[in-house]
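Counting from 1, the numbers follow the sequence of the chain as shown.
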Amino acid sequence: LILTAQTAPAPSDVVPRPRRKSMFRTFLAFSLLLLAAVPLASPQIVDLNQNRVAMTDLDGPWRFHAGDDRAWADPDFDDSGWSLLMAGKTWSEQGYPGQNIGWYRLRVVIPAQSGPLAIYFPEVEDSFQVFANGGLIGQVGDLPPHPRFFLSSYNVFRVPSDAFSPGQSLVLAVRVWRTPLRGATGGGLDEPPRIGAAHQITNWRRLQKHYVISIVTGEVAEFFCDVLTALAGIGLFLLRPKERGYLWWGVSQLLWTVFIGAELRAEFRDTPYIAIELLRITLMALATYFQFEFYITFLRQPRNWLYWACICLLASGIVIGLGIAVANGNSTPVLLSDVATALVQALFVAVLWRGTRKNRIDAALLLIPNCVMFSLNVVEVVCHLPFLNQTHWAQWTIDFVSRALAWPFRMSAFDLTGLFEMFAVLVILLRSYVHTREDEERLESELEAARAVQKVLIPDEAPSIPGFAVETVYRPASQVGGDFFQITPLKAGGALIVIGDVSGKGMPAAMTVSLLVGTVRTLAHYTQSPSEILAAMNHRMLTRSSGGFTTCLVMRADPDSTLTAANAGHLAPYLNGSELKLENGLPLGLAADTQYVESTFRFAGSAKLTLLTDGVVEARTATGELFGFERTRAISTASANQIAHAAEQFGQEDDITVLTLTHATMEALHA
C-alpha cells in the first residue's frame, strides 16, 4: 500500500519535485539490499546431539525370567523367549506374585563418542547384582545360596571402560532376590534405573538425595522435637525424682528419637533388613509402652485389665511385625498390625476418658489428639481390608493420610497428630511442675511458720525446778514433728510433766501439737490433777482428731517425793531401768467416756525417771530390725542425749523425744 501510494502520478496543478523522487529511489534500493542480506545471516542453531543431557532412564521394556541361572549374565545368551516387564513396577504387579528371585536383561547402544559410564539404581526390592557384558560391576546385600537383605537406595555402579566399546551395545543383566519375610507382593526394579556419563550420574544421585532430604525434613523436625521433649521429661524427673511420670514420658520420647534416627539412617545408608526391622518394631513397642505407663502414672489410674491388655497387644504387635504370621504373601499381616495398633490406641483413649471423668483438665487436653489418632487407625484398618485395599478411594485415602501436609515439608496425619500430642504433654508437664513448685513453696512457708511456733511451744532447754534435775532431748524426723512435751514448775514446788505423740506427720501433726500444748498450758492454771488434764485434752481432741489419735502421759512430781501419773495409751516410763506399772487409758480423741486412772509412786535416793516416745522403740535398721523394748529398757538409765543418739544411730524413722528426771531422795516405793 505504501509503494502504491508513493508511485501514483501527480496532479496537473502540482509542480514536480525531483528531490523527493531521488529519496524514494534511495529508500527502495536500501530495502532491496536488506531483503537480499536475510538469507546470508547466520541463525542460532540448537544441536540436540551436542547439547543433550548424556543420561537416560532405563524404563524398558526389560526381558525378564523368573528363577536363577548364572549363565543368564552372558551377553550372548538368547533371551528372546523371555517376558517383557517395565521398570518402575514390581514384578508382582506384572504377573509374578510370590516370586523370590528373577533376572532382568536389557541391551543398551553406546554412542560412538562416549566417556566413562555409570548406572544409577534408585530402589530395587530387595538384594541385587548388576552385570555389564557378563562382568559383575556391583551388588547390594547378599543373594542365594546365602541371602541377606539390606535396605538400600541411591546406588551408583561405574561401568568399567573395558566392559564396552563406544558405538557398540552393552548388555545389562540384573539378578534380583526378594526376601520372603516381606510377603509375596513387590520385588524387582521398583523404580527405573538410569545410565549415562559417570559425572552426570553422580550429580544426579546427589540431587536425588537432596530431594529426599527435603521430603524427610518433617522427620528431622520431629526428631528434634522428640529430643526436646525427652530432655524436658528427664530433666523434670531429675528435679522431682518422686514424680515417676516425668521419667516415663522422657524415656518414651527418647525411644521415639532413636526410632526416627533409625528411619533416617535407613534412607541414606545400606542397612540389614532384619536388624533394622527388629530395631524399629522393638523401639516402637517400648516407646508405646512407656507412653502408656506415663498416662497411667500421671493420671493415677489403677493397673487393671486395661494395663495388661496393652502389654499383651504390644507383644502381639512385635510378633506380627516380624513377619512370623506371614502366610502366602497376602495382606493379613499388615491388617493384623493395623488392628493391633488401633486396639492399643483405643486403650489410650479409655485411660484418658477415665481421667476426664475425675475432672482432670490435663486428661481432656490429651484426649483430643488420641481420639484423632484412633480415628486415623480405624481408617487405616478399613482401607487395608482385603476387599477394599485395591479400590481407588482406599488408595486415595491412604495417600492423603500419609501426605496430609506438603508444605513447608511433608508430614503424615499421624505425624501432625503426634506433634500436637507431644507439645500438649510438654505444656501439661511444665504446668504440673509449676503448680507443684508453688505448692511446695507454700508448704515450705507454712512449715517454717509451724517450726517457729513449735520452737516457742517446745523449749530447747528444760526450766529450772528446785529439787529436781531435768534433761530433755527433742529430735523430729522431719522439719516439724508430732511429739510434744511440757515441764511446768508448780507454785507449791515440784513440777507438772506432760509428754505425748500425735499420730501422723507434717503440718497436720504440727497443728495438733500446737493445739495440745496450748491446752496443757491453759489447764495448768486451773488444775494439777493428771487425770483431769487428760480428760480435758481428750474432750478437746474429739472434734479435731480427723480420724487420728494422740498418746499422752501426764505426771506430777511433788516436793515430798510423791509421783502421780495418768496415762492415755503412751509408753510407760522407766524408773531405774524398770518399767512402771500404770493404769492405761485409751489415747486421746477416740472415745468421749474414757476414764483416766491416776497411779501414785514415791521415790527417794538416786532414782532416775525416764520418759520417752515410741521413736526410740521403733528405730529400725536398713534390714528392718527394730531397736525394741529390750534395748530401750537396758539403756533407760543413761542420759537423755545418750538414749536419743543410740536410737538415731540405729535408724531413726519417727520423732524421738527423751526426758529424764532425778530427785534428791533415792529410793522408789509404791504408795
Side-chain angles (χ1 to χ4, degrees), residues 468 470 482-488 490 492 494-503 512-513 516-517 519-524 526-542 545 548-605 607-618 628-630 632-633 636-637 643 657-663 665 667-671:
F468 295 94
V470 181
D483 287 1
F484 64 94
F485 69 91
Q486 288 290 296
I487 302 175
T488 305
L490 300 177
L496 186 66
I497 304 170
V498 180
I499 186 171
D501 183 5
V502 176
S503 62
T512 303
V513 167
L516 291 171
V517 171
T519 301
V520 169
R521 290 186 175 183
T522 301
L523 292 171
Y526 301 100
T527 180
Q528 286 79 47
S529 169
S531 60
E532 292 180 3
I533 292 174
L534 284 178
M537 294 174 69
N538 181 56
H539 180 73
R540 180 66 64 90
M541 287 295 296
L542 285 173
S545 61
F549 61 90
T550 301
T551 65
C552 186
L553 174 65
V554 181
M555 305 186 75
R556 187 182 70 246
D558 296 321
D560 61 354
S561 301
T562 302
L563 185 65
T564 306
N567 192 17
H570 198 76
L571 294 178
Y574 294 89
L575 183 61
N576 283 343
S578 299
E579 182 179 323
L580 289 179
K581 303 301 181 182
L582 302 179
E583 293 289 340
N584 219 350
L586 290 175
L588 304 178
L590 295 182
D593 57 351
T594 303
Q595 300 293 322
Y596 299 101
V597 179
E598 292 183 352
S599 300
T600 304
F601 300 87
R602 293 181 61 84
F603 66 96
K608 185 169 189 177
L609 183 68
T610 302
L611 296 83
L612 45 81
T613 58
D614 58 6
V616 176
V617 179
E618 295 178 356
F629 288 97
E630 288 299 323
T632 303
R633 182 192 59 78
S636 63
T637 56
I643 297 173
T657 302
V658 183
L659 188 153
T660 62
L661 180 70
T662 58
H663 192 269
T665 56
E667 188 174 352
L669 300 170
H670 191 277

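- With hydrogens and angles ignored, the 3.5 Å screen pairs a side-chain donor or acceptor of His570 with a backbone N or O of Leu612.
- For Glu532, the side chain to side chain donor-acceptor pair (under 3.5 Å) criterion is met by Thr527, not counting sequence neighbours.
- In terms of the side chain to side chain donor-acceptor pair (under 3.5 Å) criterion, residue partners of Thr657 (sequence neighbours excluded) are, by chain and number, Asp483.
- Screening Leu571, Thr610, Thr632 for a side chain to side chain contact (heavy atoms under 4.5 Å, CB included) with Val616, the sole residue that qualifies is Thr632.
- The distance from the CD1 atom of Ile497 to the CZ atom of Phe468 is 7.5 Å, given to the nearest 0.5 Å.
- By the side-chain contact (heavy atoms from CB on, under 4.5 Å) test, Glu598 is found to be paired with Ser529, Pro530, Ser531, Thr564, Ala566, residues two or more places apart in sequence or in another chain being considered.
- Considering every non-hydrogen atom in both Tyr596 and Leu586, the closest pair reads OH-O, 3.0 Å.
- Residues meeting the salt bridge (Lys or Arg N to Asp or Glu O under 4.0 Å) test with Arg556, sequence neighbours left out: Asp558.
- The CZ atom of Arg602 sits 4.5 Å away from the OG1 atom of Thr562 when rounded to the nearest 0.5 Å.
- The line from OG1 of Thr637 to CG of Leu575 is 11.0 Å long, rounded to the nearest 0.5 Å.
- Taking every heavy atom of both residues into account, Pro559 and Gly494 meet most closely at CG-N, 3.6 Å.
- Note: Asp501 CG to Leu588 CG = 11.0 Å, rounded to the nearest 0.5 Å.
- Interatomic distance, NZ of Lys581 versus OG of Ser599, reported as 12.0 Å (0.5 Å rounding).
- The two residues Thr613 and Gly500 have their closest heavy-atom pair at CG2-O, 3.9 Å.
- How far CZ of Phe485 is from CG of Leu611: 11.0 Å, rounded to the nearest 0.5 Å.
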For Gln486 and Arg521, what are the C-alpha separation, side-chain angles and deciding distance, and is it a side chain to side chain contact (heavy atoms under 4.5 Å, CB included)? CA-CA 8 Å; Gln486 288 290 296; Arg521 290 186 175 183; 3.0 Å; yes
Could you pull out every donor-acceptor pair under 3.5 Å between side chains of residues 534-541 and any protein atom, sequence neighbours left out?
{"from": "Asn538", "atom 1": "OD1", "to": "Gly589", "atom 2": "N", "distance (Å)": "2.8"}
{"from": "Asn538", "atom 1": "ND2", "to": "Ala591", "atom 2": "O", "distance (Å)": "2.8"}
{"from": "Arg540", "atom 1": "NH1", "to": "Thr519", "atom 2": "OG1", "distance (Å)": "3.4"}

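- A donor-acceptor contact shorter than 3.5 Å is absent between the side chain of Thr551 and the backbone of Gly569.
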Report the C-alpha distance between Leu661 and Met555 in whole Å, list the side-chain angles of each, state the deciding distance to 0.1 Å, and finish with yes or no for side chain to side chain contact (heavy atoms under 4.5 Å, CB included). CA-CA 11 Å; Leu661 180 70; Met555 305 186 75; over 6 Å; no
Just do the side chain to side chain contact (heavy atoms under 4.5 Å, CB included) check on Leu516 and Val498 with the steps written out, would you? CA-CA 10 Å; Leu516 291 171; Val498 180; over 6 Å; no
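- Partners of Asn584 under the side chain to side chain donor-acceptor pair (under 3.5 Å) rule, at least two apart in sequence or in another chain, are Asn567.
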